[in-house]
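Before any comments, here is the structure.
All ligand and atom numbering here is 1-based and tracks the order in the structure. Each residue takes its place number in the sequence, starting with 1.
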Amino acid sequence: MSDLEGTRILVTGASGRIGAVAVPHLRALGAHVTTLSAGENPDLDADRVLVGDTRSQADVARAIEGADLVVHLAALAHRDIAPPYDVYSTNVVSTFNVLQQAGEAGIRRAVVAGSINAYGLPMNRHEVTPAYFPIDTDIPVDIADWYSLSKHNDENTSRMAWRQWGIDTVTLRFPHVHNEEALRAQAEVFRADPASGLREAWSYLTTRDAARAIELALTARTTGAHAFFLAAGNTLAPYRTEDLLKAYAPQAPRLRRFVEREVPIDLTPARRLIGFEARHEVALPTLDLPS
Ligand SMILES: NC(=O)c1ccc[n+]([C@@H]2O[C@H](COP(=O)([O-])OP(=O)(O)OC[C@H]3O[C@@H](n4cnc5c(N)ncnc54)[C@H](O)[C@@H]3O)[C@@H](O)[C@H]2O)c1
């Protein structure tokens with residue numbers, strides 16, 4: 001029996017790419033799920049389906065009523081999806097509103113969708129490379145866009161909520177998350193233009209694994225406020241990681257050697273804190289990097 005059997009979970013942003021897989025996953029474990037999303041989605045099947053705005057105090061209050069746990073996925077999930085003011089304000093106000101109300105209601109844990117962009121480099125238009133590999137949560141941050149800034153600041157909000165109200169928060173720094181078919185298309189982009197994936201370390205996660213990470217983050221024994229990277233163990237580039245780093249980041253120190261197509265991101269916190277290991281990898285051949 002799952003620890004989530006019979007728990008009541010609010011999932012915001014449930015009609016999106018990750019939510020659409022996470023909601024059935026949580027329900028299959030016996031959780032009673034309330035969803036709060038900006039728009040109607042005829043495919044969304046939950047115990048209570050609400051349409052509302054995560055920036056609205058009234059909408060979140062209605063949605064959070066009776067919840068034991070919160071999964072906060074709602075966001076404008078890209079820099080270019082809306083004007084800068086809308087992306088930044090939607091994301092930071094929503095996270096503050098959801099965590100404030102969850103904290104004040106005495107909810108014991110919130111799992112928050114963070115992003116690899118919290119360290120700023122993947123969307124940075126300047127000539128910056130990661131300070132070292134594997135990328136970890138101590139790596140120097142260089143933020144040059146409002147989406148990354150919102151995800152960075154959401155982590156401060158999560159820490160604040162834990163200190164203020166004692167609500168455990170787990171922020172999952174997702175990489176590129178998609179279904180296998182879309183990930184294969186992305187792999188083709190990295191094959192043709194490997195440099196384009198450097199600052200996200202060619203990382204990815206399937207939506208199925210993202211849903212499982214949410215489950216583990218909800219049930220892990222850990223307490224406090226945590227934020228860490230998640231990714232599949234291998235990259236989405238069909239080349240050896242050592243070859244990629246030698247070619248595209250020759251100045252960046254490598255703190256250890258990478259085996260074959262191992263993703264150059266530190267996944268230790270994900271293993272240690274929630275016991276996460278990706279189960280669904282996109283199978284790719286390993287090719288020699290063209291000179
Ligand atoms: N998919 C990825 O590759 C990826 C990578 C890193 C981080 N993330 C993060 O994971 C979360 C989910 O991503 P996704 O890919 O499912 O995004 P998505 O765009 O597919 O879904 C976002 C959801 O948020 C809802 N939403 C947006 N603004 C809202 C508001 N004001 N009120 C209520 N609902 C609102 C939308 O209705 C939608 O259901 C986001 O926080 C995103 O930033 C996603």
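- Under 4.0 Å is where a charged nitrogen must lie from a carboxylate oxygen, and between Arg55 and Asp86 no such pair does.
- Heavy-atom separations between Thr12 and ligand 1 are all 4.0 Å or longer.
- Of all atoms in ligand 1, listed by their number and element, those nearer than 4.0 Å to a heavy atom of Gly13 are 23 (C), 24 (O), 25 (C), 39 (O).
- Under the 4.0 Å criterion applied to side-chain N and carboxylate O atoms, Arg240 and Asp288 are assigned as salt-bridge partners.
- Using a 4.0 Å cutoff on heavy atoms, Ser56 does not count as a contact of ligand 1.
- Ligand 1 has no nitrogen or oxygen under 3.5 angstrom from a nitrogen or oxygen of Ala77.
- Within a 6.0 Å radius of CD in Glu188, other residues, nucleotides and ligands contribute more than 12 heavy atoms.
- Between Leu205 and Phe276 the shortest side-chain heavy-atom distance falls below 4.5 Å.
- Around the CD atom of Glu180, the shell of radius 6.0 Å holds more than 12 heavy atoms that belong to other residues, nucleotides or ligands.
- Neither the backbone nor the side chain of Ala20 has any atom closer than 4.0 Å to an atom of ligand 1 (non-hydrogen atoms only).
- By the criterion of a heavy-atom distance under 4.0 Å, the side chain of Thr90, and not its backbone, is placed next to ligand 1.
- Annotation for ligand 1: atoms under 4.0 Å from non-hydrogen atoms of Ser37 are 33 (C), 34 (N).
- Residue-to-ligand polar distances keep Ser115 apart from ligand 1: every N/O pair is separated by 3.5 Å or more.
- Contact atoms of ligand 1 toward Tyr147: 7 (C), 42 (C), 43 (O) (distance under 4.0 Å to a heavy atom of the residue).
- When all heavy atoms of Asp59 and Asp53 are compared, the closest pair comes out as OD2-N, 2.8 Å.
- Using a 4.0 Å cut-off to heavy atoms of Ala113, the atoms of ligand 1 that qualify are 9 (C), 10 (O), 11 (C), 41 (O).
- For ligand 1, the atoms closer than 4.0 angstrom to any heavy atom of Lys151 are 40 (C), 41 (O), 42 (C), 43 (O).
- For ligand 1, the atoms sitting less than 4.0 Å from at least one non-hydrogen atom of Gly52 are 32 (N), 33 (C), numbered in the order shown with element in parentheses.
- Heavy atoms of His72 stay at 4.0 angstrom or farther from ligand 1.
- Contact annotation: Ala210 has no heavy atom less than 4.0 Å from any atom of ligand 1.
- Annotation for ligand 1: atoms under 4.0 Å from non-hydrogen atoms of Leu73 are 11 (C), 12 (C), 40 (C), 41 (O).
- For Ala38, a nitrogen or oxygen atom sits less than 3.5 Å from a nitrogen or oxygen atom of ligand 1, counting backbone and side chain alike.
- The shortest N/O to N/O separation between Arg17 and ligand 1 falls below 3.5 Å.
- Residue-ligand proximity, Thr54 to ligand 1, at heavy-atom distances under 4.0 Å covers atoms 29 (C), 30 (C), 31 (N), 32 (N), 33 (C).
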